[in-house]
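We count ligands from 1, going down the list as the structure has it; atoms in each ligand are counted the same way. Below, each value reflects all heavy atoms present in this structure, side chains not excepted, and no hydrogens, waters or symmetry copies.
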Amino acid sequence: MKATLVIENISNLITLKGENKPRTGLDMKDIGLIKNGIVAVDGDKIIYVGEGSLPSHIEINEKTVFVDGKDKTVTPGLIDSHTHLVHGGSRENELAMKLEGVEYLDILKKGGGIHSTVKSTKEAGFEELYEKAKKSLDTMISYGVTTVEAKSGYGIDDFDVEIKQMDVAKKLNENHPVDIVSTFMGAHAIPEKYGDNPDRFVDIIVEKMVPEVSKRKLAKFCDVFCEEGVFTIEQSRKILEAGRKYGLIPKIHADEIKPLGGAELAAEINCITADHLVAASNEGIKKMAEKKVIANLLPGTSFNLQTGKFARAREMIEAGVPISLSTDYNPGSCPTENLQLIMSFASLIMKMTPEEVITAVTINGACALKLEEEKGSLEKGKKADLVIFDVPNLNYIIYHFGINHVEKVIKDGIVIN
Ligand SMILES: N=CN[C@@H](CCC(=O)O)C(=O)O
Ligand SMILES: [Zn+2]
């Protein structure tokens with residue numbers, strides 16, 4: 001077996017090795033740490049992970065690239081499994097309102113918030129959206145993110161705009177080193193013209209949009225903003241079940257602000273993830289644990305919305321719910337691409353340990369995107385997506401917060417920076 005790339009003398013090699021399934025409870029602390037580790041890669045795949053030097057069956061030659069990992073911490077490529085990557089415009093105009101205490105759902109009700117980004121996304125051409133999202137991806141990869149989920153949802157009833165967003169994501173996936181997984185989220189807000197009859201819009205999503213998205217293979221997942229004043233539990237169930245019928249795996253924005261029962265619904269219909277969950281009930285948490293629905297937590301959103309309320313990560317972990325963590329990058333409720341900052345919030349505010357945090361943004365993030373067979377841990381046969389952090393240990397990444405600790409990213413076996 002020949003190695004095209006070897007990362008050697010790694011002071012802290014965090015492999016996350018283990019079963020390819022969502023990690024829960026104490027398993028979230030088991031990060032497969034190897035001191036003085038070594039990783040060998042052939043092309044875009046890992047061929048060896050171990051301690052010390054390479055075994056004799058791994059050949060090297062003059063073309064093999066060597067990277068020194070002394071005093072570094074190496075992890076699998078980070079996975080940001082909840083973003084609204086492709087959108088037009090920005091919403092810093094909402095800051096003054098937020099500082100005055102106007103709530104997120106009230107801004108939305110008045111035709112701002114998501115509706116204002118719907119307008120900007122409609123006005124932006126394909127190239128403009130592409131370049132803007134590309135810039136965000138460049139930032140994300142510089143922070144160690146090698147796989148990103150991207151939702152539509154700023155076209156809502158304008159299906160051409162929904163398709164434009166997913167086409168941009170598709171082209172970026174082809175051209176940019178970061179892997180992008182698409183989610184159809186036409187059910188992101190009730191369009192003004194359906195204000196009196198939201199069920200009519202639900203029917204359009206179910207009867208027209210979902211079959212077309214599936215036919216054109218534009219998305220892997222289907223998502224709904226299940227929230228007071230947005231989509232009800234019944235409407236969400238209807239949309240997600242229609243999605244599943246057409247091969248789109250269900251995800252749900254659940255109990256972000258009001259405890260509507262989104263967590264319970266996620267368990268009932270076996271969503272792969274329920275996201276946000278700030279207001280999730282005890283019963284919802286219990287049911288998610290039973291069904292092993294991943295809680296995709298987004299503490300950057302709580303921080304930015306200034307509600308002072310964060311998802312109950314500790315109770316979820318103790319109940320046996322698998323946790324992933326994401327930025328929720330979007331222009332309104334969480335305008336940041338920085339997943340390392342989210343990792344610090346998860347620990348400093350939601351009291352997750354550094355081990356639980358790294359599990360949440362690697363193997364559990366991979367599970368949140370159903371990519372666990374190829375990503376999320378450093379093991380033979382998996383994709384050679386790795387991050388070299390210029391830090392003496394894992395705790396340092398979390399503790400020394402707000403700056404970028406990445407020294408190099410390796411994507412598909414290629415050293416990016
Ligand atoms: N809550 C709904 N959707 C996004 C926000 C989108 C926006 O405000 O533009 C979220 O996950 O936070
Ligand atoms: Zn979201």
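In this structure, Glu103 places its CD atom where only 12 or fewer heavy-atom neighbours from other residues, nucleotides or ligands lie under 6.0 Å away. Other residues, nucleotides and ligands place no more than 12 heavy atoms under 6.0 Å from the CZ atom of Phe303. Counting heavy-atom neighbours within 6.0 Å of Lys122 NZ, excluding the residue itself, gives a total of 12 or less. Under a cut-off of 6.0 angstrom, the local environment of CZ in Phe126 is crowded, with over 12 non-hydrogen atoms contributed by other residues, nucleotides or ligands.
In terms of protein heavy-atom proximity, atom 1 (N) of ligand 1 is nearest to Glu256 OE1, 2.8 Å. Taking atom 4 (C) of ligand 1 as the reference point, the nearest protein heavy-atom neighbour is His84 NE2, 3.5 Å. Closest to atom 3 (N) of ligand 1, if we only count protein heavy atoms, is His188 NE2, 2.8 Å. Protein heavy atom in closest approach to atom 10 (C) of ligand 1: Asp328 OD2, 3.1 Å. Remark: minimum distance from atom 12 (O) of ligand 1 to any protein heavy atom is reached at Ser333 OG, 2.5 Å.
Every atom of ligand 1 with a heavy atom of Arg91 under 4.0 Å away is listed here by number and element: 7 (C), 8 (O), 9 (O). The contact set between ligand 1 and Ile114, taken as ligand atoms under 4.0 Å from a residue heavy atom, comprises 6 (C), 7 (C), 8 (O), 9 (O). Distances below 4.0 Å separate heavy atoms of His82 from the following atoms of ligand 1: 11 (O).
For His188 and Tyr154, the gap between ring centers is short of 6.0 Å.
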Q.
Evaluate Phe225 against Phe231 for ring pair (Phe, Tyr, Trp, His ring centres under 6.0 Å), listing each step before the verdict.
A. CA-CA 6 Å; Phe225 187 11; Phe231 293 89; 8.2 Å; no

Q: Tell me, with the steps shown, if Met140 and Leu85 meet side-chain contact (heavy atoms from CB on, under 4.5 Å).
A: CA-CA 11 Å; Met140 287 171 170; Leu85 173 74; 4.2 Å; yes

Q: Report the C-alpha separation of Met209 and Phe184 in whole Å, then their side-chain angles, then the decisive distance to 0.1 Å, and conclude whether the side-chain contact (heavy atoms from CB on, under 4.5 Å) test is met.
A: CA-CA 9 Å; Met209 297 188 182; Phe184 169 60; 3.7 Å; yes

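Using bins of under 30°, 30° to 60° and over 60° for the plane-to-plane angle, the ring pair His82/His276 lands in the perpendicular bin.
For atom 5 (C) of ligand 1, the nearest non-hydrogen atom from the set Tyr104, Tyr329, Tyr154, Phe225 belongs to Tyr104.
Distances from the Zn ion (ligand 2) to each N, O or S atom of Asp328 single out OD1 as the nearest. Between the Zn ion (ligand 2) and the N, O or S atoms of His253, the shortest distance is to NE2.
Within the 4.0 Å heavy-atom shell around ligand 1 one finds His276. The closest approach between Glu227 and ligand 1 stays at or above 4.0 Å for every heavy atom of the residue.
When distances to the Zn ion (ligand 2) are checked against a cut-off of 2.8 Å, Cys334 contributes no N, O or S atom below that limit. At a cut-off of 2.8 Å, His82 is counted among the residues with an N, O or S atom near the Zn ion (ligand 2).
Any N or O atom pair closer than 3.5 Å counts here, and Thr117 shares no such pair with ligand 1.
Salt bridge status for Lys109 with Asp106: present, with a side-chain N to carboxylate O gap under 4.0 Å.
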